[in-house]
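In what follows, chains are A, B, ... by sequence order, proteins preceding strands, each numbered from 1. Fair warning: this is a prediction, and the values are worked out from it, not measured in the lab.
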Amino acid sequence: MPELPEVETICRGLRQVLPGREIVTVEVLESRLRCRVPRDFARELEGRVFTDIRRRGKYLLISLAPDRVWIAHLGMSGKLIYVKTTYPRERHDHIIATLDNGHELRYHDPRRFGFSVVVREAQVDEVPQIRHLGPEPFDEEFHDRYLYDLASHSRRMIKDFITDQRILVGLGNIYANEALFHAGIRPTRRAWRVGRSGIKRIAEAIPRILQEAISWRGTSFSDYRDGEDRKGGFQEHLLVYGREGEECRVCSGRIKSVPIGNRSSFYCPSCQK
DNA sequence: CGGTGGACCTGCTGGC
DNA sequence: TGCCAGCAGGTCCACC
C-alpha cells in the first residue's frame, strides 16, 4: 500500500499527537506476524514515552524514551492509526497500544506483509532493512548525476530500477509510473539506454511528484488511510496509474498497461518514448 | 553478479 | 445469483 507520500503523511499526523504520550499496555492480537514481531514486543514498549516520529524510505521510525525505536513497515495493506479507545475495533487490528490519554495506536494489516521490530536508537542503522536503503529523494545526495552513474551501468528496465530501494527510497508502483510519465520515458526502457537528458528529467520528476502527492496527503484506492484513518486525495490527480484504456490527460491517446516483473505498469505510448 | 519468478496473505472485482 | 480467477500500494528468496 503505502509509498513515500503515504508514509510521510502518516508520520506527520502521528508527530502531532504522539510525543509526550505514554504507552500503558500493548496487546498483540495476532501471533502470525511472520516472526517479525518478537515475543517480547509488548514488554519492550510498555511504560515508554513517545519522543519523535520520523520516516526513512517507507519505514516509520517511532522513538520512545528511554532508548527504543519501533521500526514499522506497513507492507501492502497496513495502517497505523491513532484513535479514541471507543473507536470501533476491526478484524485484522493486530497490535493495539493503549496510551495514557484515552487513545490507542492501532496497527491493522489484513495481508500481514508489514513488519515491526523494536531496537535501541544506536541499532537503527544496523537493521538489515534500513542499512541497505539508498538516498532519500529530497536529499542533496540524490541528483541527476548520481542517478545517471548508476543507471548507465544497469541493464534493468527503468521502472524496475527506480523502484529498487537500494537505488533510492520511496517509489513504489504508483509513483514510479507517474514519475516516468512526467519524464516522458517508457517504463520498459533499459536504464542504460534512457540517456542523460532522460535521467535528468526522471531525477527532477521524482521529488516533484512525491511532493505533490504529499500535499494531497497521499493516494487512497481502498486500503490506505493516514494516521487519523482518513483517505488521501492524490488518486484524483494520477495521470497514468490505474488508467489503462482511458484517455491521456495530455494528448488524449489511450493509456496502456504492460506487466513488468509480476506488476502492472502504465504509460502513454505517444507521450512516453 | 544480475535478472526472473514465485512466495508470502486477505479481500475485492469482474467475467462467466 | 454465485463462483472463481485474477489482481492489489511491497519485500524477500531460491534459482538459473
Task: Sequence-distant partners of A/H103, ring-ring contact (aromatic ring centres under 6.0 Å, His included), two or more places apart - done: A/Y82

Open item on the list: Test of understanding: with ring-ring contact (aromatic ring centres under 6.0 Å, His included), list the residues that count as partners of A/Y241, not counting sequence neighbours.
Closed with: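 For A/Y241 the ring-ring contact (aromatic ring centres under 6.0 Å, His included) partners, ignoring immediate neighbours, are A/F221, A/F266.
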
Task: ring-ring contact (aromatic ring centres under 6.0 Å, His included): pairs with one or both residues in residues 183-212 of chain A, sequence neighbours excluded - done: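 Listed once each, the pairs would be none.
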
Report yes if the side chains of [X] and [Y] come closer than 4.5 Å at any heavy-atom pair, otherwise no.
X: A/D109; Y: A/F115; value: no
X: A/R48; Y: A/E22; value: no
X: A/D52; Y: A/L61; value: no
X: A/R156; Y: A/D164; value: yes
X: A/I174; Y: A/F234; value: no

For [X] and [N], what is the distance between atoms [atom1] and [atom2] respectively, to the nearest whole Å?
X: A/Y59; N: C/dG10; atom1: OH; atom2: P; answer: 12 Å
X: A/I260; N: B/dG2; atom1: CD1; atom2: P; answer: 19 Å
X: A/N262; N: C/dG6; atom1: CG; atom2: P; answer: 13 Å
X: A/H132; N: C/dC13; atom1: NE2; atom2: C1'; answer: 15 Å
X: A/I71; N: C/dT11; atom1: CD1; atom2: C1'; answer: 16 Å

Task: Of residues 174-188 of chain A, the positions that come close to DNA chain C - non-hydrogen atoms, cut-off under 4.0 Å - done: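 Result for residues 174-188 of chain A: A/I174, sorted by number.
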
Open item on the list: So if I take residues 3-15 of chain A and measure heavy-atom distances to DNA chain C, which residues fall below 4.0 Å?
Closed with: A/E3

Open item on the list: Using a 4.5 Å cut-off between side-chain heavy atoms of Ile, Leu, Val, Met, Phe, Trp and Tyr, which other residues end up in the same hydrophobic cluster as A/L29?
Closed with: A/I96

Open item on the list: If hydrophobic residues (ILVMFWY) are linked whenever their side-chain heavy atoms come closer than 4.5 Å, directly or via other members, who joins A/Y87 in its cluster?
Closed with: A/I81, A/V83

Nearest-angstrom distance, [atom1] atom, [N] to [M]:
N: C/dT11; M: B/dC12; atom1: C1'; result: 22 Å
N: B/dG5; M: C/dC7; atom1: P; result: 15 Å
N: B/dG11; M: C/dC12; atom1: C1'; result: 23 Å
N: B/dA7; M: C/dG6; atom1: P; result: 14 Å

Below 3.5 Å is the cut-off: list the nitrogen or oxygen pairs between protein and nucleotides 14-16 of chain C, distance only.
none

Taking the side chain from [X] and the backbone from [Y], do they hold a donor-acceptor pair closer than 3.5 Å?
X: A/R166; Y: A/H132; value: no
X: A/E6; Y: A/T219; value: yes
X: A/E30; Y: A/R32; value: yes

TODO: Kindly indicate whether the side chain of A/R112 and the base of B/dC9 share any N or O donor-acceptor pair separated by less than 3.5 Å?
DONE: no

- [ ] Measure distances between side-chain N and O atoms of A/R263 and base N and O atoms of C/dA8, and say whether any donor-acceptor pair falls under 3.5 Å.
- [x] no

TODO: Scan for salt bridge (charged side-chain N to carboxylate O under 4.0 Å, His left out) pairs involving residues 129-138 of chain A, sequence neighbours excluded, and state none if there are none.
DONE: A/R55-A/E136, A/R56-A/E136

Task: B/dC8 base stacked by A/F113 (centroids within less than 5.5 Å, tilt under 30°) - done: yes

TODO: Mind listing the residues from residues 150-162 of chain A sitting with a heavy atom below 4.0 Å of DNA chain B? Number order is fine.
DONE: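 A/R155, A/R156 - these, ordered by number, are the residues of the stretch whose heavy atoms sit under 4.0 Å from the strand.
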
- [ ] Inspect the surroundings of NZ in A/K84 and state if more than 12 heavy atoms from other residues, nucleotides or ligands are less than 6.0 Å away.
- [x] no

- [ ] Look at the side-chain N and O atoms of A/Q165 and state whether any lies under 4.0 Å from the OP1 or OP2 oxygen of C/dC12.
- [x] no

Task: Consecutive-pair stems (at least three Watson-Crick or G-U pairs, under 3.5 Å) that include DNA chain C - done: B:2-8 with C:10-16, B:10-16 with C:2-8

Task: Set of residues satisfying side-chain hydrogen bond (donor to acceptor under 3.5 Å, both in side chains) with respect to A/E27, sequence neighbours excluded - done: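 Partners of A/E27 by the side-chain hydrogen bond (donor to acceptor under 3.5 Å, both in side chains) criterion, ordered by chain and then number, come out as A/R89.
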
TODO: Test A/T25 against A/E46 for side chain to side chain donor-acceptor pair (under 3.5 Å), laying out the working first.
DONE: CA-CA 5 Å; A/T25 56; A/E46 284 171 358; 5.3 Å; no

